[in-house]
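Because the structure is a prediction, the values reported are computed rather than measured.
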Amino acid sequence: MTRRTLRAQGPADLLALVPLLFGFHPEDSVVLMSVGEATHPFHARSDLPRDPADLADLADLAHYLASVAARNGAQRVAVLVYS
């Protein structure tokens, strides 16, 4: 597999990259992107809770995404929220 390096100059560039990387424009989602060097670069997307009663689940999601980032050797990540 050929590995390509994409460069973002700031937040606007990151937002523009998401639809390119995922193949669609996320809605009501949280997106995690590894930035910089990573053993295994990756990107992840999850739906935001629709029911306010489920907002406590966001802490579980944050812990899960942080653990995935760590397992993949990401030193830095960008978190984007689409709502």
Side-chain angles (χ1 to χ4, degrees):
M1 174 191 299
T2 302
R3 194 168 166 183
R4 290 188 346 199
T5 299
L6 302 172
R7 301 210 185 277
Q9 298 292 322
D13 289 349
L14 288 175
L15 290 169
L17 283 173
V18 169
L20 172 72
L21 295 170
F22 285 93
F24 63 94
H25 191 282
E27 294 182 10
D28 298 323
S29 301
V30 59
V31 172
L32 182 92
M33 301 171 64
S34 60
V35 295
E37 293 298 318
T39 306
H40 304 285
F42 74 98
H43 314 295
R45 187 210 62 85
S46 180
D47 293 331
L48 288 173
R50 292 179 189 244
D51 186 341
D54 295 332
L55 287 178
D57 293 343
L58 285 177
D60 291 337
L61 176 59
H63 287 285
Y64 173 72
L65 291 174
S67 70
V68 171
R71 280 195 310 266
N72 282 282
Q75 300 296 310
R76 298 182 320 174
V77 296
V79 178
L80 307 165
V81 177
Y82 291 84
S83 66

Determine all donor-acceptor pairs shorter than 3.5 Å in which one atom belongs to a side chain in residues 58-78; sequence neighbours excluded.
unit_1	atom_1	unit_2	atom_2	d
Ser67	OG	Tyr64	O	2.7
Asn72	ND2	Val68	O	2.8

- Side chains of His43 and Leu17: does their closest heavy-atom pair fall under 4.5 Å?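 No, every pair of side-chain atoms sits at 4.5 Å or beyond.
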- Who pairs with Asp28 by salt bridge (Lys or Arg N to Asp or Glu O under 4.0 Å), at least two apart in sequence or on another chain?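 Not a single residue meets the salt bridge (Lys or Arg N to Asp or Glu O under 4.0 Å) criterion with Asp28.
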- Query: Which heavy atom in Leu48 sits nearest to a heavy atom in Tyr82, and how many Å separate them?
  - Reply: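 For Leu48 versus Tyr82, the nearest heavy atoms are CD1-O, 3.5 Å.
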- Heavy atoms only: give me the nearest Pro19-Leu15 pair and the separation to one decimal.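 Between these two residues, the closest heavy atoms are CD-O, 3.2 Å.
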- Which residues share a ring pair (Phe, Tyr, Trp, His ring centres under 6.0 Å) with Phe42, sequence neighbours left out: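 None.
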- State which residues pass side chain to side chain donor-acceptor pair (under 3.5 Å) with Ser29; sequence neighbours excluded, sorted by chain then number.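 Ser29 satisfies side chain to side chain donor-acceptor pair (under 3.5 Å) with Arg45 only.
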